[in-house]
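Here the structure comes first, spelled out in structure tokens, and everything after it is commentary.
Any value given below was found using the heavy atoms of this structure, including those in side chains, with hydrogens, waters and symmetry copies removed. The chains referred to below are lettered A, B, ... by the order of the sequence lines, with proteins before strands, and numbering in each begins at 1.
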Amino acid sequence: MGEKVLMKGNEAIAEAAIQAGCRHYFGYPITPQTEIAAYMAKRMPKIGGLFLQAESEIAAINMVYGCSSAGMRVMTSSSSPGISLKSEGLSYLAGADLPAVIVNAQRGGPGLGGIQPSQSDYFQATRGGGHGDYHMLVLAPASVQEMAELTVKAFDLADRYRMTCMILADGTTGQMMEPVSFDFVPGEPVAKPWATTGTKMERKHNIVNSLYLLPDVLEQKNIERYEKYEKIKETETMAEEFMVEDADIVIVAFGIAARVSKNAVIAARKNGIKAGLIRPITLWPYPEKIVAKAAEHAKQFISVELSMGQMIEDVKLAVDGKAPVSLCFRAGGMIPMPEQVYDAIAEADKKLKGGN
Amino acid sequence: MNYKRVTLLCGHYGSGKTNIAVNMALDLKHQADRVLIADLDIVNPYFRTKDSNEDFEKAGIRLISSAFANTNLDAPALPQEMYAIIDDRSFHAVVDVGGDDVGAVALGRLSKAIADENDYDMYLVVNCYRPLTRDAASTLQVKKEIEEASRLSFTGVINGSNLAADTKAEDVLASMDYAREVAEAAGIPLAATAVQESLLDELKGKIENLFPMKLQKRPI
């Protein structure tokens, strides 16, 4: 598929997973991500892959665990309430150092909430979601093209670091249709000598497990994992910077919120306001150095989110008191319009100029 | 376009049915006094004909849509008023059917009455830029599945091939061989090629039966 095709974000994720070598998908339907399952159901049988609709989200994530243990590239997807159900499995995957790709097309919450887009699972995604000391890699696409590219990257990162990698999308990016091309090349397959693929009586058997009988061994395991996390922070952080260099007012927004914000930044620049945008692409690891660098000159940060304000905590940590950080939001499935973001920028600008 | 009393729009989901249905209803209102548009989509809770409700009200078009369309209730509910499509023959009806055979199931409830009255067109909306209908063979498979589910036969093909807001005139031109091949293999006419209004000047004279459309959505 070298030429452009018109796809929903959810379909782009599914096709990209297939092109990344994923032949095993386990899931359970939930709006607004069901197109991933529907696409897999149509395509997998034709290419010798497996689509399985599990009896629940919990069953699906444990099938992912088993499949990954056997060294296969495997994916599951859901939306907010379903990810909560999978959270126990996410912790077990982390505890067993298993690579897997998890998609969350977020919808409004808490509880059953609604089916409209949201970004209110930021804490759940970046802080782990399940129990114990662990992190997932978290990627936040802002276009259908990026849904595809980041899915391929997610498989590569997951294998390289033996971690779960979450695509944190939302109802908008999942449902919207845009042209997408698949002319990228997936990374080299990673050897998995730890996988439970049968010893053929030639080696000692492998064990994939998250239970440690001795606490000091478990402690050491956790310390090693966090050393790995530090390395990932150094090498895998990604963000897009737009007109940040000389900006007085810096918007920080990811996914669909960044798309809306970009329009507002362009409008602000046209009206002579020095605004800029930092769009984190990795939410864990968070691009804290990029935000900190902007804090050396910016006088105001605005976190734009489809939530009551979650990522704002990471912005504040990175800004480290050097400038005020405010929130511009819609929640519960509503999306901020560029005008709302522009007004927040204009108001901040007025305050800054009034202070001089 | 020339319209029968009932116009049914079916196809693979994402082929452009809803945009075409909305524009057909508005076009039809110039030719017929009483026009209704019915949304029978039981597959997709988003991007519904209801999004254009203001336009319908302004034009005096009756909208028949599930009370739950565009709400948080994600139920495959059909509007009770849907029987007006077959019961009230004083109306010309445009019917936006959900995607694929799964969506066409909803039509099965009305198919006998529609076939008996025999004053309808059922159009297969096709888009060669959708990944699962890239060629005639896969599109004809979708056609067969929809006909089985709806228990009606297609009377024409509408080429809705597009790449959303990025569609260029050459993309439409490049889709014509595909659309003609689908129509020929299906043994039904290529009734129209639906294009965004902005492309009309570039395509005039190059494509027969152009159907210009205003798109429903504003891209973010």
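Residues passing the ring pair (Phe, Tyr, Trp, His ring centres under 6.0 Å) test with B/Phe68: none are found, sequence neighbours excluded.
Under the 3.5 Å distance criterion, the side-chain polar atoms of A/Tyr39 are left unmatched by any main-chain donor or acceptor of B/Leu132.
Few gaps surround CD on A/Gln53; more than 12 heavy atoms of other groups in view lie less than 6.0 Å from it. The environment of CZ in B/Arg62 is crowded: more than 12 heavy-atom neighbours from other residues, nucleotides or ligands sit within 6.0 Å. For B/Glu208, the CD atom sits in a packed shell: over 12 heavy atoms of surrounding residues, nucleotides or ligands are nearer than 6.0 Å.
Of the charged side-chain nitrogens involved, none lies within less than 4.0 Å of a carboxylate oxygen, so that B/Asp74 and A/Arg107 do not count as a salt-bridged pair.
Side-chain contact between B/Tyr129 and A/Glu3: absent, with no pair of heavy atoms (C-beta onward) separated by less than 4.5 Å.
In terms of non-hydrogen atom pairs under 4.5 Å with chain B, the most contact-rich of A/Gly333, A/Pro179, A/Gly171, A/Gly114 is A/Pro179. Ranking A/Thr31, A/Leu112, A/Leu6, A/Thr34 against chain B, the residue ahead of the rest is A/Leu6, based on heavy-atom pairs under 4.5 Å.
Annotation: residues 150-163 of chain B contacts chain A through B/Asn162, B/Leu163 [non-hydrogen atoms, separation under 4.5 Å].
Here the NZ-CG distance, from A/Lys4 to B/Asp171, works out to 9.5 Å after rounding to the nearest 0.5 Å.
Between B/Ala164 and A/Met177, the closest heavy-atom pair is CB-O, 3.9 Å. Across every non-hydrogen atom of B/Thr71 and A/Ile115, the tightest pair is O-CD1, 3.7 Å. Closest non-hydrogen pair, A/Gln175 versus B/Phe47, comes out as O-CE1, 3.6 Å.
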(message) As a quick check of understanding, evaluate side-chain contact (heavy atoms from CB on, under 4.5 Å) for A/Gln116 and B/Asn72, giving each step before the final call.
(response) CA-CA 7 Å; A/Gln116 301 297 336; B/Asn72 272 334; 3.7 Å; yes
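Residue contact with chain B, scored on non-hydrogen atoms closer than 4.5 Å, involves the backbone and the side chain of A/Lys8 alike. Neither the backbone nor the side chain of B/Thr167 comes within contact range of chain A; no heavy atom of the residue lies under 4.5 Å from a heavy atom of that chain.
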